Amino acid sequence: MAKEAQTAISPTRAEDYPEWYQQVIRAADLAEASPVRGCMVIKPWGYAIWERMQAVLDEMFKDTGHVNAYFPLFIPKSFLEKEAEHVEGFAKECAVVTHHRLEAGPDGGLVPAGPLDEPLVVRPTSETIIGAMFAKWVNSYRDLPLLINQWANVVRWELRTRLFLRTTEFLWQEGHTVHATGEEAREHTRRMLGVYATFAEETMAMPVVMGEKTAGERFPGAVSTYSIEAMMQDGKALQAGTSHFLGQNFSRAQEIRYQSQEGQLEYAWTTSWGVSTRLVGALIMTHSDDDGLVLPPALAPQQIVIMPIYRNDEQRAEVLAYCERLKAELHDVRWRDDRLRVQIDDRDLRGGEKAWDHIKKGVPVRLEVGPRDIANDSVFMGRRDLGPKEKKGVARAEFVAGVGALLDEIQAGLYQRALAFREANTTQLESRAAFEAYFAEGNTEMAGFAWCYAADDPAYEDLLKELKVTARNIPLADNAATGTCIFTGKTGVPRTIFARAY
RNA sequence: CGGGGCGUAGCGCAGUCUGGUAGCGCGCCAGCUUUGGGAGCUGGAUGUCGCAGGUUCGAAUCCUGCCGCCCCGACCA
């Protein structure tokens with residue numbers, strides 16, 4: 001009997017973390033594999049979460065002066081070839097369109113026909129095609145800065161895929177900007193990294209470390225790559241967003257030039273930055289528990305679900321009317337500049353089953369309203385951040401008056417819990433021996449983030465490979481601090497975060 | 001793309017070694033009983049056993065090839 005299960009998700013995180021991750025996605029009905037290898041179908045609840053992410057981020061981009069545009073899915077092969085490092089970085093994982101027609105084949109099937117003069121690459125990212133347009137749009141210093149964002153799908157032919165974390169096709173946004181000076185472009189790169197960090201922490205309730213990537217982890221063609229890194233509940237790091245300072249590499253490759261105030265023709269400075277549907281995976285692995293998804297209120301497509309309880313049609317009418325009034329009342333409440341997102345779930349399901357459905361989907365607040373509550377003008381409330389049985393009656397008026405504070409409390413609590421977890425699994429390591437011991441197979445302590453003074457040097461890359469550890473980033477908050485590299489003995493090097501990663 | 005594992009009803013699995021043409025639990029449908037917590041009883045529907053060949057009187061089961069999924073590795077957001 002299902003009721004005997006202690007948790008809604010089986011296996012639990014402790015039993016089998018990767019399998020748990022997949023079961024949460026299934027239980028919350030977020031996505032599933034499609035007939036197309038490596039490509040997923042994002043189902044309505046999962047897509048609604050992505051739409052929330054888009055809505056919040058889009059506003060943040062607009063607030064920092066960006067406008068949206070849309071560029072082609074197809075990129076002529078020659079465009080990608082313009083920037084040497086860029087070609088090398090992406091060549092291995094590109095889908096290529098070589099024909100423009102299908103014809104009837106010998107076996108009643110269809111065969112490609114009409115070869116293209118120049119193959120088209122399905123965009124793995126759009127620096128080159130956007131750059132080609134920017135070259136036309138930018139003429140004078142008066143045209144700068146040019147701040148563009150695109151919401152799009154991209155394709156990277158990955159060998160190993162996992163729902164949300166790495167799929168062949170994924171959804172993302174890519175910001176592309178052009179600036180007159182290197183300082184301004186670099187500053188913008190950092191600003192957008194800050195936007196991502198703010199989004200992660202305030203909306204997703206996911207603590208992140210902002211930092212600069214080491215040379216080996218840099219975006220192909222970038223001068224500097226910055227990332228926000230989050231810790232998942234298995235201690236692994238997940239890169240949740242990146243921001244690249246491209247220097248003049250792409251403007252030189254694509255002739256993005258402007259005439260300065262002094263009348264000189266100068267190469268412009270560009271940036272690019274992106275976050276993807278991978279954030280949904282990050283969200284799952286940051287907050288969810290053995291009963292399924294846990295959504296922070298700011299991101300929840302439905303923040304409150306009202307479940308009417310009744311025994312007959314007469315009660316049904318009365319209870320539903322009460323619920324509708326309550327919903328309207330809550331809908332008028334503003335929280336974080338938005339109306340509350342409230343749903344009445346009147347599906348013909350048993351109470352327990354219905355409640356568990358919303359628990360598995362991560363809805364922050366559940367309200368059960370039956371004749372007994374109505375008699376007291378109250379609601380019976382359950383919170384997703386507490387246990388499934390920890391429910392309590394609250395006077396309706398009190399609930400409505402305090403709902404904003406309640407959502408704040410849940411949001412803040414999730415962040416604090418995730419932060420405490422990260423801090424409990426973060427350590428500073430002072431020697432190579434300590435490093436090896438920390439990431440050793442047999443270590444019973446969870447291998448989380450290790451902060452180490454380390455030179456950005458290929459000298460110890462074999463060790464990292466052997467331990468399956470990667471340099472995540474060099475934290476910006478650490479800026480001035482330097483020490484002696486635990487691997488090479490070099491002095492005056494910054495601290496780097498090392499971890500196993502997704 | 002290398003190593004390992006797995007594809008049997010919507011989901012989870014047994015059956016495969018020792019060929020005889022399919023079963024269990026959950027879910028689903030119907031009826032009755034229940035109803036503030038993932039209901040109970042009774043009855044019922046659902047499978048080209050991943051795909052394609054081969055061996056055989058007969059293949060989920062044996063053989064060959066392919067595809068897909070999962071885990072680990074290499075590569076990556």
Side-chain angles (χ1 to χ4, degrees), chain A residues 1-11 16-19 21-23 26-27 29 32-40 88-94 124-125 154-174 196 213 216-220 225 227-230 237-244 272-282 291-292 307-312 315-316 319 348-360 366-374 379-382 388-389 391 393 441 465-466 468 470 500-502:
Chain A
M1 246 311 298
K3 191 171 184 176
E4 286 160 17
Q6 291 289 311
T7 58
I9 304 297
S10 174
D16 185 344
Y17 195 82
E19 182 62 20
Y21 174 77
Q22 298 193 103
Q23 292 305 326
R26 188 210 299 268
D29 209 21
E32 63 184 68
S34 75
V36 187
R37 181 196 189 114
C39 296
M40 66 176 166
E88 209 181 313
F90 284 104
K92 283 171 288 183
E93 51 188 41
C94 286
T125 179
V154 286
V155 166
R156 294 182 191 175
W157 214 264
E158 299 291 349
L159 299 174
R160 185 175 164 197
T161 59
R162 311 185 68 180
L163 291 179
F164 289 112
L165 297 177
R166 176 162 294 107
T167 47
T168 300
E169 178 187 18
F170 57 97
L171 306 183
W172 79 344
Q173 59 68 216
E174 48 182 322
Y196 289 153
K213 285 289 191 184
E217 304 282 327
R218 209 174 276 153
F219 176 76
T225 287
S227 72
I228 52 171
E229 301 284 332
L238 187 139
Q239 177 176 310
T242 50
S243 187
H244 314 291
S272 68
W273 27 275
V275 296
S276 72
T277 37
R278 184 178 226 207
L279 286 177
V280 178
D291 286 327
M307 291 175 280
I309 290 159
Y310 48 81
R311 290 167 197 243
N312 52 49
Q315 280 187 350
R316 179 172 188 271
V319 171
D348 184 18
L349 289 179
R350 311 202 67 74
E353 193 179 349
K354 191 184 286 186
W356 277 103
D357 190 52
H358 293 289
I359 289 171
K360 286 185 285 194
R366 305 183 304 279
L367 298 180
E368 295 162 14
V369 176
R372 238 152 53 199
D373 307 292
I374 295 175
V379 297
F380 207 60
M381 178 189 70
K389 308 272 188 232
K391 296 181 289 190
E441 289 287 334
K465 190 170 264 188
E466 187 188 323
K468 300 168 197 165
T470 53
R500 297 211 170 94
Y502 279 96

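A, B, ... follow the sequence lines: proteins, then strands. Residue 1 opens every chain. Source: prediction; values computed, not measured.
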Choose from [options] the nucleotide whose nearest atom is closest to any side-chain atom of [X].
X: A:W356; options: B:G36, B:G38, B:A77; value: B:G38
X: A:R311; options: B:G38, B:G36, B:C72; value: B:G36
X: A:R372; options: B:C72, B:C1, B:G36; value: B:G36
X: A:Q22; options: B:A77, B:A74, B:C71; value: B:C71

Check the phosphate of B:G73 against A:K468, side-chain N and O only, distance under 4.0 Å to OP1 or OP2. Yes or no?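 Answer yes for this pair, as a side-chain N or O of A:K468 is under 4.0 Å from OP1 or OP2.
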Do the side-chain N or O atoms of A:R162 get closer than 4.0 angstrom to the phosphate oxygens (OP1, OP2) of B:C71? yes
Strictly distance-based, threshold 3.5 Å: is any side-chain N or O of [X] a donor or acceptor partner for the main-chain N or O of [Y]?
X: A:E32; Y: A:R26; answer: no
X: A:Y502; Y: A:A282; answer: no
X: A:R278; Y: A:L238; answer: no
X: A:R218; Y: A:T225; answer: no
X: A:T161; Y: A:T168; answer: no
X: A:Y310; Y: A:V369; answer: no

Rounded interatomic separation in angstrom, taking [atom1] from [X] and [atom2] from [N]:
X: A:L159; N: B:C69; atom1: CG; atom2: P; value: 12 Å
X: A:D348; N: B:U34; atom1: CG; atom2: C1'; value: 13 Å
X: A:E32; N: B:C69; atom1: CD; atom2: P; value: 13 Å
X: A:R160; N: B:G4; atom1: CZ; atom2: P; value: 16 Å
X: A:E19; N: B:C69; atom1: CD; atom2: C1'; value: 11 Å

Taking all heavy atoms of A:W356 and all of A:P388, pick out the closest pair and write down the distance. CH2-CG, 3.7 Å
Taking all non-hydrogen atoms of both residues into account, name the closest pair between A:P220 and A:F90 and its distance.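 A:P220 and A:F90 have their closest heavy atoms at CG-CE1, 4.0 Å.
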Measuring only the [atom1] atom in each nucleotide, how far is [N] from [M]? A whole number of Å is fine.
N: B:G53; M: B:U61; atom1: P; result: 14 Å
N: B:U16; M: B:G31; atom1: P; result: 40 Å
N: B:C71; M: B:G10; atom1: P; result: 23 Å
N: B:A60; M: B:A9; atom1: P; result: 14 Å
N: B:G27; M: B:U64; atom1: C1'; result: 38 Å
N: B:G4; M: B:C11; atom1: C1'; result: 25 Å
N: B:G65; M: B:A74; atom1: P; result: 29 Å
N: B:C57; M: B:A52; atom1: C1'; result: 23 Å

Touch check for [X], heavy atoms < 4.0 angstrom, all strands: base, sugar-phosphate only, or nothing?
X: A:T167; value: base
X: A:P371; value: base
X: A:K389; value: nothing
X: A:K213; value: nothing
X: A:K92; value: nothing
X: A:L165; value: base
X: A:Y310; value: nothing

Pairing partner of [N] (Watson-Crick or G-U wobble, both distances under 3.5 Å):
N: B:U18; result: none
N: B:A59; result: none
N: B:C26; result: B:G10
N: B:C41; result: B:G31
N: B:G36; result: none
N: B:C69; result: B:G5

Note: for A:S276 and A:C39 on RNA chain B, the residue whose nearest nucleotide lies more 5' is A:C39
First of A:R350 and A:Q239 reached from the 5' end of RNA chain B, by closest nucleotide: A:R350
With sequence neighbours excluded, residues passing ring-ring contact (aromatic ring centres under 6.0 Å, His included) with A:W157: none
Base B:G38 to side chain A:D357, donor-acceptor N/O within 3.5 Å cut-off: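 Between B:G38 and A:D357, which were checked side chain against base, a qualifying N/O pair under 3.5 Å is absent.
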Check nucleotides 5-13 of chain B against the protein and report each pair of N or O atoms closer than 3.5 Å, with its distance, or say if there are none.
residue : atom : partner : partner atom : Å
B:C11   : O3'  : A:R26   : NH1          : 3.2
B:G12   : OP1  : A:R26   : NH2          : 3.1

What is the distance from atom CG of A:L279 to atom CG of A:L171, rounded to the nearest 0.5 Å?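 Rounded to the nearest 0.5 Å, the CG-CG separation comes to 11.5 Å.
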Point-to-point distance, once rounded to the nearest 0.5 Å, from NZ of A:K354 to CE of A:M307: 7.5 Å
Strictly under 3.5 Å: I want the nitrogen or oxygen pairs between protein and nucleotides 66-68 of chain B, one per line.
residue : atom : partner : partner atom : Å
B:G68   : OP1  : A:R37   : NH1          : 2.5
B:G68   : OP2  : A:R37   : NH1          : 2.8

Would you call A:K213 and A:E229 a salt bridge, taking side-chain N to carboxylate O under 4.0 Å as the test? yes
